[in-house]
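First up is the structure itself, then whatever we jot down about it.
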Amino acid sequence: MILCIDIGNTHCHFGLVGPEGCAEQLQVRTREIDDPQTGLAAHYTHLSSAADIRGIAFCSVVPAATSRLLALLEGRPWRVPVHHLTHKSRLGVAIHYPRPEEIGPDRLANAAGARALHPGASIVIDMGTAVTFDIVSLENGYEGGIIAPGVELMRRYLHEQTALLPLLDDSLAVSGMIGRSTREAMRIGTVVGFGGMIQALLERVLEELRARGEPMPAIIATGGTAEVLRRGVRLPFEERPDITLRGLERVWQLNEAQT
């Protein structure tokens, strides 16, 4: 098994990944990644007993957390190869992008995971703090995509930029389309409106791919608010909560398996 770690802006997701996929996924808050009580180290004993760990692969969109993770791994209980995914890593998919160094490493991991699962074209929609679309075409490989605000960012912005609107909790429940309280109105706007935004973006991407003669891509959803897609997206898609970790495992195999 490979210990795969995805450091995001809010949470750090990690899990043990093998050829059949992710055996389990856990998460800690990114700001607590090296906390001995609540961070990654708190799970060392459990992870060590769960599997024979062959290697470690990670990606990060938070440079400060990257440094803290590397310091933490210096004292890790496993003396195994560690791979830090960057645009220079072998991904198993070509990168067709003007400035590859600007691509978020989590997006590259998503592309690697998508290509490992689907040899053809794919679109990965990652519903995190920000929402990203990553397009892997049959002709060019990884081409880039879209970045949009996530549900949490929408809600936070409404709260912070107005005098009277409250900060909503994490609930995504919507019972109707006419809000009868401020919170209910905000929840409808952010949940239903968000789903509509994703559908509109997806339709335009598919339209462009069709015009180029690309086959219908597999649509893969991941991230904390992927359930919103079940309400807002009218096309079939598959939920893969472990796509980023699967991509990291694939990248480790391509870059470190022979070391």
Side-chain angles (χ1 to χ4, degrees), residues 5-14 25-33 58-66 68-69 102-111 113-114 123-135 144-175 177 179 181-205 219-235 237 239-245 247:
I5 305 167
D6 170 26
I7 302 176
N9 288 294
T10 306
H11 292 99
C12 168
H13 297 87
F14 56 98
Q25 291 188 74
L26 302 167
Q27 73 176 26
V28 298
R29 291 189 176 276
T30 296
R31 65 173 181 265
E32 300 171 358
I33 191 170
F58 76 93
C59 62
S60 173
V61 298
V62 185
T66 301
R68 290 159 58 200
L69 175 66
E102 294 182 354
I103 307 170
D106 55 334
R107 301 178 69 187
L108 294 177
N110 285 345
I123 299 172
V124 182
I125 307 174
D126 194 338
M127 313 274 281
T129 305
V131 175
T132 58
F133 280 56
D134 292 302
I135 289 84
I146 299 168
I147 301 174
V151 172
E152 181 186 346
L153 276 181
M154 288 182 176
R155 290 176 168 182
R156 193 187 309 161
Y157 185 84
L158 285 172
H159 170 64
E160 291 176 353
Q161 299 300 315
T162 61
L164 297 178
L165 295 182
L167 180 62
L168 295 182
D169 58 23
D170 296 333
S171 174
L172 300 173
V174 172
S175 57
M177 284 304 299
S181 71
T182 299
R183 290 181 182 275
E184 191 175 6
M186 291 174 66
R187 188 169 289 116
I188 294 168
T190 53
V191 173
V192 180
F194 179 79
M197 176 188 75
I198 298 298
Q199 175 68 25
L201 293 172
L202 184 56
E203 287 176 354
R204 294 293 296 274
V205 171
I219 302 171
I220 304 168
T222 191
T225 53
E227 65 179 272
V228 176
L229 296 192
R230 289 195 289 270
R231 301 189 187 101
V233 172
R234 297 184 293 275
L235 293 164
F237 65 91
E239 290 189 50
R240 293 279 187 174
D242 62 349
I243 189 72
T244 312
L245 301 185

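- Closest heavy-atom contact between Val28 and Ile33: CG2-CA, 4.3 Å.
- For Arg240, the salt bridge (charged side-chain N to carboxylate O under 4.0 Å, His left out) partners two or more places apart in sequence, or in a different chain, are Glu238.
- Two residues are said to be in side-chain contact when any heavy atoms from C-beta on lie closer than 4.5 Å; Leu168 and Arg183 meet this criterion.
- The closest side-chain heavy-atom distance from Val124 to Phe133 is not below 4.5 Å.
- The heavy-atom pair separating Gln27 from His11 by the smallest distance is NE2-CD2, 3.4 Å.
- Take Glu184 and apply the side chain to side chain contact (heavy atoms under 4.5 Å, CB included) test, not counting sequence neighbours, and it matches Ser175, Arg180, Ser181, Ile188.
- Evaluation of the side chain to side chain contact (heavy atoms under 4.5 Å, CB included) rule for Ala65 yields Ile7, Thr30, Val62 as partners, not counting sequence neighbours.
- Once rounded to the nearest 0.5 Å, the distance linking CZ of Arg68 with CZ of Arg31 reads 10.0 Å.
- Contact detail for Pro105 and Val61: the closest heavy-atom pair is CD-CG1, 4.2 Å.
- Scanning both residues, Ile219 and Leu202, for their nearest heavy atoms gives CD1-CD2, 3.9 Å.
- You'll find the side chain of Arg29 stays beyond 4.5 Å of the side chain of Cys12, heavy atoms only.
- Residue Ile243 comes nearest to Gly113 through the heavy atom pair CD1-C, 3.5 Å, listed as atom of the first residue, atom of the second, then distance.
- Side-chain contact check for Thr10 versus Glu152: some heavy-atom pair is nearer than 4.5 Å.
- Across Asp6, Leu245, Thr66, a single residue satisfies side chain to side chain contact (heavy atoms under 4.5 Å, CB included) together with Phe58, and that is Thr66.
- The distance from atom CD1 of Ile135 to atom CD1 of Ile123, rounded to the nearest 0.5 Å, is 5.5 Å.
- Applying the side chain to side chain contact (heavy atoms under 4.5 Å, CB included) criterion to Leu167, with sequence neighbours excluded, gives His159.
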**Candidate pair Ile125 and Ile220, rule side chain to side chain contact (heavy atoms under 4.5 Å, CB included), full reasoning** = CA-CA 6 Å; Ile125 307 174; Ile220 304 168; over 6 Å; no
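- Of the candidates Ile198, Val191, Val192, Phe194 forms a side chain to side chain contact (heavy atoms under 4.5 Å, CB included) with just one, namely Ile198.
- Thr222 has its side chain out of reach of Met127: every pair of non-hydrogen atoms, C-beta onward, lies at least 4.5 Å apart.
- The side chain to side chain contact (heavy atoms under 4.5 Å, CB included) search around Pro241 returns Gln25, not counting sequence neighbours.
- With contacts defined as side-chain heavy-atom distances shorter than 4.5 Å, the pair Leu153/Thr129 qualifies.
- Among residues at least two apart or in separate chains, salt bridge (Lys or Arg N to Asp or Glu O under 4.0 Å) pairs with a member in residues 124-134 are Arg107-Asp134.
- For Cys59 against Asp106, the heavy-atom pair with the smallest separation is SG-CA, 3.8 Å.
- To the nearest 0.5 Å, atoms OG1 (Thr182) and CG (Leu158) are separated by 11.5 Å.
- Remark: Asp170 CG is loosely packed, at most 12 non-hydrogen atoms of other residues, nucleotides or ligands lying under 6.0 Å away.
- Between Leu69 and Ile5 there is a side-chain heavy-atom pair separated by less than 4.5 Å.
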**Asked** Would Met197 and Met154 satisfy side chain to side chain contact (heavy atoms under 4.5 Å, CB included), going step by step from the backbone distance to the final call?
**Response** CA-CA 12 Å; Met197 176 188 75; Met154 288 182 176; 4.1 Å; yes
